[in-house]
Structures are given as structure tokens and as C-alpha cells.
Amino acid sequence: MIVGGGPAGLATSFTLSARGVPHVLIDAQTKPSHKPGEALSPNARPLLQKLGIEHLLEHPAHQQYYGLESCWGSEQLEAKSFMSELHRNGYLLHRRLFEAQLRVIAQYTTQFFGEGFRLKQIQPSTQQGQQWKIAIENPAQNHLREIHAQWVIDATGRKASVCRHLGIQKQVIDEQFAMVFKAKLEREVPHQIWVEATKQGWWYVAPLDRKHLTMMFFTLQELIPTGEQRASFLAQQLASTLHLKKIISTSTLLTDQIQLWPAGTTCLEVPSGEGWLAVGDAAHAYDPVSSFGITSALASGFYGGHTVADLLKGKSEAHGVYRYILENAFQAYFQQLITHYGREKRWPDAFFWQKRFPTLVDANA
Ligand SMILES: Cc1cc2nc3c(=O)[nH]c(=O)nc-3n(C[C@H](O)[C@H](O)[C@H](O)COP(=O)(O)OP(=O)(O)OC[C@H]3O[C@@H](n4cnc5c(N)ncnc54)[C@H](O)[C@@H]3O)c2cc1C
């Protein structure tokens, strides 16, 4: 049974189905909900092909993007183009549509897709050949069900709800938060991403559609003011940029709706165990500066699905292989993260940079 129907849970379902493993999938939301995060990097392409979902990106609502400009570690705005690389473009996804497209496929890959069902309880099963007795509920329909399963897969994102029920510890490596809002465009901008570091954090800006930008300011929770002061805080942070304020000077900030999202690095003590496995953000959640999130969620769903299928066939080494793949990828990410933040030395006394970087170094020691 898969709990969670985001990119990780859905990729797990597609893989299990391709391997002939019957399964059920539940997601707490009846329809895909709003989630931040839309940049799919060019190197995700082979994975999408493997999962058989590359064609979904042909929908005109998903925009191709060809590079990024970044001001990080110096006052220069440095351009990185994908045009000379193997895969020449990434995608700025219409995130809700992308997940809706994946959900349509899941109607065919699952035995039962419980949209609107959430996990209520997990206990050991007394049924022969089954490991878990899982209670799920659909509160809107006052519907309670019990499912017996050999495997439970935690694809619940940063909440890691299944692991919480099983008592698996999650390590929160840093407490970065994203302040997310939109800006209205007066004229079209190039299809690319802008990143700029400031004294109190860093900005990520990308076109959302023809008329809007998605704006994200990443900072520490301690620096985020309450309620009404948030809009002026964001205006100050934007004014402190060297480049971004000019690039978006003709757009209107829609700061009447600011959302806060946890956006730091977290990892489980172990990503799998007897009869359970975690995929996507539930296993390892990445700092969005890496643009790893969606690709890693799909990848761990792909490998997680194969792991369960192999274990059901008695290939006991699959557990170790899964852990090795996930933990190696996480270590590589972590090294890159430390190097990346370490490049920014302009504000050695600022709270964000002072507090943040030593924490990361300690966690890696
Ligand atoms: C501010 C921000 C910006 C980001 N930007 C990017 C980006 O540009 N590019 C990128 O690649 N990544 C980005 N990410 C990361 C990316 O969004 C995540 O890595 C990705 O969504 C992880 O997918 P997932 O399937 O593991 O989890 P999720 O997408 O979180 O899906 C989890 C699903 O589980 C369901 N669920 C939760 N609890 C339960 C329960 N108890 N019972 C049943 N269902 C449950 C939820 O409804 C949800 O649909 C960003 C993240 C943040 C916070």
C-alpha cells in the first residue's frame, strides 16, 4: 500500500504496476492541491522516459526553460544556459496540472486509488502473509476502511506520516522556510529562473504563466515577521537585491497572499525497514536551491517500486541496494549544498549566513 499521491507515490505506483505488483494508493486530497516547486531540471528527462511519462510535458501549460541567472557569492549576475548540454531545456511545470496528469495514469496502475483518504492507524496484521493492518479514513464521506498489506510505502512528503506512526526518527538538518507569493507581470519575461542571495536569505523567481511570476524568499523562521509586517519585510528584501529589483521592476507584488513552507533539508534515520519503505520528501527532503525535489521524488519512487517488487520475489539484497542508492545520492547532494552555501561570503556577520552554514557543516561531521 502506498500512502501519498505526490510525484514520489505516483512514480512508485507506475513502477509496481510495470512489475505486476497489485497495490492500493491513497492521498489525503481529493484533487491535487497547490504545492510550490515547479522547476524540473533538464537531467530529469531520462527518468521521465523510464517512467513512461515524458509525453505529459508536451501540454502547453508546462513551459520549457533554457537556463538561469544567478547572483551568488559576488555582485555579478552569472548566466547558465542549458543549450550546450545534452538535454537543452528543463521545464517550469504547471505543478497542479502535472500531478493531475499523473493521477489519471494512477487510475489504471492501482487496484484502488483512494483520493480523499488519509492514514489513520498502522498496526501489525494478524492475517497470514500480511505485515500491516492499516486504517484509512475519508472524513468528508465519513468513510473508514481497513486494509491488510505486506508492504507500506511512505510517500507523504515532509510529514513522513507513516514513519511517524512506525516511530522512525526524522532528522531536521536546517530550519529554512520559504515565503511564497506571486507577482503580476506588465510585460513578458524570458523563460528562465533568477536566483539572488541577500543578507537575510535568497530569492528564487520564475515565470508561472504569461501574466505571473512565482516569487520565493528563503530565510530562517526567526527572521520572518508576523502577519501584516510580512509584506513590507519582503519589499525590503527585494529592495536589497542588486539585480532582481531591476529585472522585475515593472511587475506588481501580490503580497496580500503570502504562504510559508518549510524548505530545509531533512532525512530519516533509515529509508526502509521490515515491510516499509519511504520515498520522496518523506525519506529525504532537499533544499530547493538544489532543484532536486521533484526529480528525486520520481527517482526514489522508481527505485522504491523496484525494491518492493524484488523483495516480493525473494531478492533480499534489494533492501541494501535501495538504502545505498538513496544514502549515496543524499551524501552527494549534501556536499554540493555545503559548497554552494560556502561560496557566499559577503555577509559573514549576518544571522542567516552565520547560523545556517555552521549548522550544515556540523550535521555533516
Ligand atoms: C518552497 C519550495 C519550493 C520548491 N521548489 C522546487 C523546484 O523548483 N523544483 C523541484 O524539483 N522541487 C522543488 N521543491 C520540492 C518539491 O516540491 C518536493 O520535493 C516534491 O513535492 C516531493 O514530492 P513527494 O511526492 O515526496 O511529496 P509531496 O509532493 O509533498 O506529496 C505528498 C502527498 O502525500 C499526501 N499526504 C500527506 N499526508 C498524508 C496522509 N497522512 N495520508 C494520505 N496522504 C497524505 C499529500 O496530500 C501529498 O499529495 C520545492 C519545495 C518547496 C517547499
Side-chain angles (χ1 to χ4, degrees), residues 1-13 24-44 47 65 68 90-93 95-96 98-100 102-103 106 113-122 134-139 152-165 176-181 193 195 201-208 214-219 258-266 268 271 278-302 304 326 333:
M1 164 158 186
I2 305 166
V3 184
L10 291 160
T12 312
S13 170
V24 299
L25 167 63
I26 59 164
D27 193 283
Q29 305 292 331
T30 48
K31 284 190 254 172
S33 55
H34 167 75
K35 292 177 189 167
E38 61 294 302
L40 192 64
S41 62
N43 59 16
L47 180 63
Y65 81 103
L68 56 90
Y91 280 87
L92 295 172
L93 298 175
R95 182 70 191 266
R96 207 189 290 233
F98 182 61
E99 294 202 9
L102 296 176
R103 280 193 183 205
F113 185 1
E115 292 176 288
F117 276 89
R118 63 183 173 81
L119 177 69
K120 194 167 159 59
Q121 201 179 38
I122 308 181
I134 303 163
I136 59 172
E137 70 172 344
N138 183 331
V152 62
I153 292 161
D154 190 343
T156 58
R158 283 176 181 264
K159 286 185 188 162
S161 300
V162 174
C163 290
R164 236 187 21 237
H165 274 86
Q176 183 176 244
F177 268 74
M179 302 178 78
V180 182
F181 62 102
I193 291 172
V195 172
W202 58 277
W203 281 97
Y204 165 101
V205 174
L208 197 58
T214 181
M215 309 272 305
M216 300 185 193
F217 184 64
F218 292 85
T219 189
I258 303 165
Q259 294 186 334
L260 286 193
W261 291 83
T265 301
T266 67
L268 284 181
V279 292
D281 278 10
H284 293 123
Y286 296 94
D287 185 324
V289 80
S290 67
S291 285
F292 273 18
I294 301 168
T295 310
S296 298
L298 293 170
S300 62
F302 175 76
L326 253 67
Y333 149 82

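Owing to the predicted nature of the structure, the values given are computational and were not obtained by experimental measurement. Position 1 is the first residue of the sequence, and the numbers go up from there. Counting starts at 1 for both ligands and their atoms, following the listed order.
- Panel note: side chain Arg158, backbone Asp281; no donor-acceptor pair is recorded below 3.5 Å.
- A donor-acceptor contact shorter than 3.5 Å is absent between the side chain of His284 and the backbone of Thr265.
- Set against the non-hydrogen atoms of Gly280, the atoms of ligand 1 under 4.0 Å away are 26 (O).
- Below 4.0 Å from some heavy atom of Ser291 lie the following atoms of ligand 1, by number and element: 11 (O).
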Considering only distance and modelled atom types, tabulate donor-acceptor pairs under 3.5 Å from the side chains of residues 26-34, sequence neighbours left out.
unit_1: Asp27; atom_1: OD1; unit_2: Gln29; atom_2: N; d: 2.8
unit_1: Asp27; atom_1: OD1; unit_2: Arg103; atom_2: NH2; d: 3.3
unit_1: Asp27; atom_1: OD2; unit_2: Gly5; atom_2: N; d: 2.6
unit_1: His34; atom_1: NE2; unit_2: Gln259; atom_2: OE1; d: 3.3

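- With contacts defined as side-chain heavy-atom distances shorter than 4.5 Å, the pair Asp154/Val3 does not qualify.
- Proximity of Phe117 to ligand 1, defined as any heavy-atom pair under 4.0 Å, is confined to the backbone N, CA, C and O atoms.
- Looking only at heavy atoms of the protein, atom 1 (C) of ligand 1 is closest to Ala178 CB, 3.5 Å.
- Interface atoms of ligand 1 facing Gln29, defined by a heavy-atom separation under 4.0 Å, are 47 (O).
- Some N or O of Ile294 is nearer than 3.5 Å to an N or O of ligand 1, by distance alone.
- The protein heavy-atom contact nearest to atom 44 (N) of ligand 1 is Ala28 N, 3.0 Å.
- In terms of polar-atom proximity, Leu119 is counted as a contact of ligand 1, with an N or O under 3.5 Å from an N or O of the ligand.
- The protein non-hydrogen atom at the shortest distance from atom 29 (O) of ligand 1 is Lys35 NZ, 2.9 Å.
- Formation of a donor-acceptor pair under 3.5 Å by the Tyr204 side chain with backbone atoms of Ile193 is not found in this model.
- If you look at Ala155 next to ligand 1, the close heavy atoms, those under 4.0 Å, all belong to the backbone.
- Closest to atom 41 (N) of ligand 1 among all protein heavy atoms lies Ser161 OG, 3.6 Å.
- Counting heavy atoms from C-beta outward, Phe98 and Lys35 have side chains that stay 4.5 Å or more apart.
- When all heavy atoms of Val162 and Thr156 are compared, the closest pair comes out as N-OG1, 4.3 Å.
- Using a 4.0 Å cut-off between heavy atoms, Val3 contacts ligand 1 through its side chain alone, with no backbone atom that close.
- Closest protein heavy atom to atom 25 (O) of ligand 1: Ala8 N, 2.9 Å.
- The nearest pair of heavy atoms linking Cys163 to Leu268 is SG-CD1, 3.6 Å.
- At the top of the distance list for atom 30 (O) of ligand 1, counting protein heavy atoms only, stands Gly157 CA, 3.7 Å.
- Here the heavy atom of the protein found nearest to atom 38 (N) of ligand 1 is Thr156 CB, 3.6 Å.
- Glu99 places no side-chain N or O within donor-acceptor distance of the main-chain N or O of Gly6, the cut-off being under 3.5 Å.
- Residue contacts with ligand 1, taken as heavy atom pairs separated by less than 4.0 Å, involve Pro262 solely via the backbone atoms N, CA, C and O.
- Contacts of Ser161 classified as side-chain hydrogen bond (donor to acceptor under 3.5 Å, both in side chains), with partners at least two apart in sequence or in another chain: none.
- Taking all heavy atoms of Arg158, Arg95, Arg164 into account, the minimum distance to atom 20 (C) of ligand 1 is reached by Arg95.
- A donor-acceptor distance shorter than 3.5 angstrom exists from the side chain of Ser300 to the backbone of Ala297, with no hydrogens or angles considered.
- On a distance-only criterion, Ala39 and ligand 1 share at least one N/O pair closer than 3.5 Å.
- Of the protein's heavy atoms, Pro288 CG, 3.9 Å lies nearest to atom 51 (C) of ligand 1.
- Near Glu38, the atoms of ligand 1 lying under 4.0 angstrom from a non-hydrogen atom of the residue are 7 (C), 8 (O).
- Ring geometry for Tyr286 versus Phe292: interplanar angle over 60°, hence perpendicular rather than tilted (30 to 60°).
- Comparing Gly6, Gly37, Pro36 against atom 52 (C) of ligand 1, the shortest heavy-atom distance belongs to Pro36.
- Of the listed options Asp27, Val289, Thr214, Asp27 places a heavy atom closest to atom 47 (O) of ligand 1.
- For the pair Ala278 and Leu326, the tightest heavy-atom approach, listed with the atom from each and the gap, is O-CD2, 4.2 Å.
- The nearest pair of heavy atoms linking Glu115 to Asn138 is O-ND2, 3.9 Å.
- Close N/O approach between Pro7 and ligand 1 is found [any backbone or side-chain N/O within under 3.5 Å].
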